[in-house]
Amino acid sequence: MKENKFYITTPIYYPNDVPHIGHAYTTVVADVLARWNKMLGKKVFFLTGTDEHGKKIADTARREGKNPQEFLNNLVPKFKEAWKKLNVDYSYFIRTTDKSHESVVKEMLQKSFDNGDIYLGDYEGLYCVDCERYYTEKDLDNGNCPIHKKPVEKLSEKTYFFKLSKYKDKLLEFYEKNPSFISPKKRSSEIINRVREGLKDLSISRTSFDWGVPLPFDDSHVAYVWFDALFNYYSAVKDKNGFWPADLNLVGKDILWFHAVYWPAFLMSVGLEIPKMVFAHGFWTLDSEKISKSRGKAIGISELIAITDSADSIRYFLCRAVPFGDDGDFSKDAVIKRHNGELLNKLGNLVSRTAGLIEKKGIEKCKNSLLDKIKIEEIERYMSNLELDKALNDIFSFIDVCNEYIQEKKPWETGDKKVLYEVADSIRLISILLWPFMPSTSEKISKQFGFSIDDFSGLDKPLDENSKIIKSEFLFNRVED
Ligand code: MSP
């Protein structure tokens, strides 16, 4: 089973507010990759969830006059609803307040402690609650957190430390042997250089609040939220034979350090295998500023879908507009432009025009001469390199080829049923390849053209001549810009 499985994760999100485009981005891409790997015939496990402990959640709940559990029970469903609206089909939604997860965290803390990697000491530092991390004086931006631009708090506490310094050489050796563990490549050297400069031991417990998992060896402390959170990836599949380790932890570039350094060190300490790859994507900006709910600059999920009234259109935009790994600027105009131009004019027109002509003229099975114009192997290679934009680019070039073919052969004049068969068969290929990106659009096309979407082995099964092909409603509606 091991070679034929694909275990992919998103970060678990802080449910201190409703989800926004930054959360949607990783989750949609993870869903696309999960679906793609399903189509390749792999056994897929796709995990997402919420990160519910820590000072940030405790403080926000208190400000709203609620206890943390009550506060969370109100917000967590908003994440599940958002993913449903975006056609995200995860295998499991983990909450770090799940009892089964908490007991894994305790077990891991105990193991690490028994292995001599955890000791008691004193900590004093500058803490950003929004990041849930300490900064040093030199990290700050005019005395503020460099990410949230808000004042940091001076905290001093007795704390347990994890012996991160001990793992410096082991980590460097691991990176050397697993060069694609930190991906994309452009981000790995920065991390590796920082590790080479040396690692300080990491404070992994808190006494200043109690909203967390108590340490099994000292229940006056709760676990640092990142120790707790990272182990979600393990606790979700612990009882599922053969899924561990994760094949891909998708994260944003701001949390790469936690996943590329702390995470493998914790796993080494407890003797678990390390994920194959941590991939960091870039950031979307809005009017060239970071999108962030804590600074009031965000786009919610319903608002995102409402731009074109199509979840598939947003999914398409997020995957197509920016190479995965790079930063990008988000604008409603750009979404509408791609929606009207690529989805409606190119894909939508091809489908409705072909179905309309076939309804009148019919089809006659023949060898599809367009097949050698679609670069399936290249598309598969792009997808395995997480170059989603390039894969879509190839699929849409093939859509252009099909539109040009109809234009050139004029089947509405000639009544050539073979040409119509070739185009219909090509539409079948297009919709199978697009299914991971735009599942409900592809499913509409498959119903309309009478074929099924099971897995990529279907790419080699030509369209049945007896398929009942019907003209139906438009796939996309024009949006005024
Ligand atoms: N709870 C931690 C993750 C723990 S994983 C063991 C966390 N949560 S978060 O809710 O603050 O952020 C989740 C993800 O959203 C991060 O990967 C972050 O990079 C991503 N994004 C937040 N804003 C973003 C953009 N504007 N653009 C793209 N992704 C962004 O961190």
Side-chain angles (χ1 to χ4, degrees), residues 8-30 47-58 60 72 75-76 78-79 82-83 93-97 101 104-105 108 128-133 145 147-148 187 204 212-213 223-236 246 248-264 266-267 275 278-301 304 314 317-319 321-331:
I8 181 167
T9 66
T10 73
I12 46 171
Y13 305 113
Y14 291 127
N16 60 327
D17 202 345
V18 293
H20 63 70
I21 183 187
H23 307 126
Y25 186 40
T26 335
T27 315
V28 161
V29 171
L47 181 72
T48 189
T50 39
D51 188 355
E52 304 190 5
H53 291 128
K55 191 162 159 50
K56 187 205 289 266
I57 299 287
T60 321
L72 290 165
L75 272 163
V76 171
K78 304 263 190 284
F79 282 77
W83 306 152
F93 189 103
I94 192 164
R95 300 182 55 174
T96 51
T97 50
H101 169 74
V104 167
V105 174
M108 296 301 138
C128 170
V129 178
D130 282 322
C131 298
E132 290 280 15
R133 60 165 287 187
C145 158
I147 309 254
H148 295 94
R187 300 210 191 271
I204 52 137
V213 179
Y224 171 44
V225 67
W226 275 97
F227 190 99
D228 170 353
L230 286 162
F231 275 100
N232 90 87
Y233 304 132
Y234 173 69
S235 63
L248 184 54
N249 288 147
L250 287 183
V251 298
K253 62 180 185 182
D254 56 331
I255 56 171
L256 179 58
W257 177 257
F258 299 88
H259 285 80
V261 181
Y262 298 173
W263 180 217
F266 293 160
L267 289 166
V278 172
F279 189 101
H281 62 70
F283 261 64
W284 288 97
T285 49
L286 185 59
D287 309 325
S288 309
E289 262 189 68
K290 188 186 158 191
I291 295 168
S292 145
K293 51 197 176 190
S294 53
R295 284 187 295 133
K297 219 171 168 55
I299 293 195
I301 308 304
L304 207 53
I314 278 297
F317 180 83
L318 293 175
C319 297
V322 174
F324 196 53
D326 290 3
D327 295 333
D329 195 37
F330 183 89
S331 79

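Remember, it's 1-based here, ligands and their atoms both numbered in the order they're listed. Nothing here was measured: the structure is a model prediction, and the numbers come from that model.
- Heavy atoms of Tyr233 found under 4.0 angstrom from ligand 1 belong exclusively to the side chain.
- The distance criterion of under 3.5 Å between nitrogen or oxygen atoms is met by Tyr14 with respect to ligand 1.
- Residues Cys131 and Lys56 share a closest heavy-atom pair of N-NZ, 4.3 Å.
- Counting heavy atoms from C-beta on, the side chains of Asp51 and Glu132 never come closer than 4.5 Å.
- Donor-acceptor pairing under 3.5 Å is recorded for the side chains of Thr27 and Tyr13.
- Heavy-atom proximity to His20, at under 4.0 Å, picks out these atoms of ligand 1: 22 (C), 23 (N).
- Among residue pairs with one or both ends in residues 249-260, those qualifying as salt bridge (charged side-chain N to carboxylate O under 4.0 Å, His left out) are Lys253-Asp327; sequence neighbours excluded.
- Looking only at atom types and distance, the side chain of His53 has a donor-acceptor partner in the side chain of Asp228 under 3.5 Å away.
- Aromatic ring orientation, Phe258 versus Tyr262: perpendicular (interplanar angle above 60°, classes split at 30° and 60°).
- Phe324 has its ring centre less than 6.0 Å from the ring centre of Phe279.
- Looking only at side-chain heavy atoms (C-beta outward), Phe227 and Met108 come within less than 4.5 Å of each other.
- Under a 4.0 Å criterion applied to the non-hydrogen atoms of Asp51, ligand 1 contributes the atoms 1 (N), 2 (C), 4 (C).
- Taking the six-membered ring for Trp and thresholds of 30 and 60 degrees, Phe266 and Phe231 have nearly parallel ring planes, at less than 30 degrees apart.
- Of the listed options Ile12, Val322, Leu318, Ile12 places a heavy atom closest to atom 3 (C) of ligand 1.
- In this structure, Glu132 does not count as a contact residue of ligand 1, since none of its heavy atoms falls inside 4.0 Å of the ligand.
- When each atom of ligand 1 is checked for a heavy atom of His23 under 4.0 Å away, the hits are 10 (O), 13 (C), 15 (O).
- Within the structure, ligand 1 has Gly282 among the residues with a heavy atom less than 4.0 angstrom away.
- Ligand 1 lies less than 4.0 angstrom from a heavy atom belonging to Trp226.
- In terms of N/O distances under 3.5 Å, ligand 1 is not approached by Tyr13.
- Taking every heavy atom of Ala229 and a limit of under 4.0 angstrom, the matching atoms of ligand 1 come to 6 (C).
- Taking every non-hydrogen atom of Gly252 and a distance limit under 4.0 Å, the qualifying atoms of ligand 1 come out as 17 (O), 19 (O).
- Taking only nitrogen or oxygen atoms, main chain and side chain alike, Trp284 reaches within less than 3.5 Å of ligand 1.
- Short contacts between ligand 1 and His281, defined as distances under 4.0 Å to a heavy atom of the residue, involve ligand atoms 28 (C), 29 (N).
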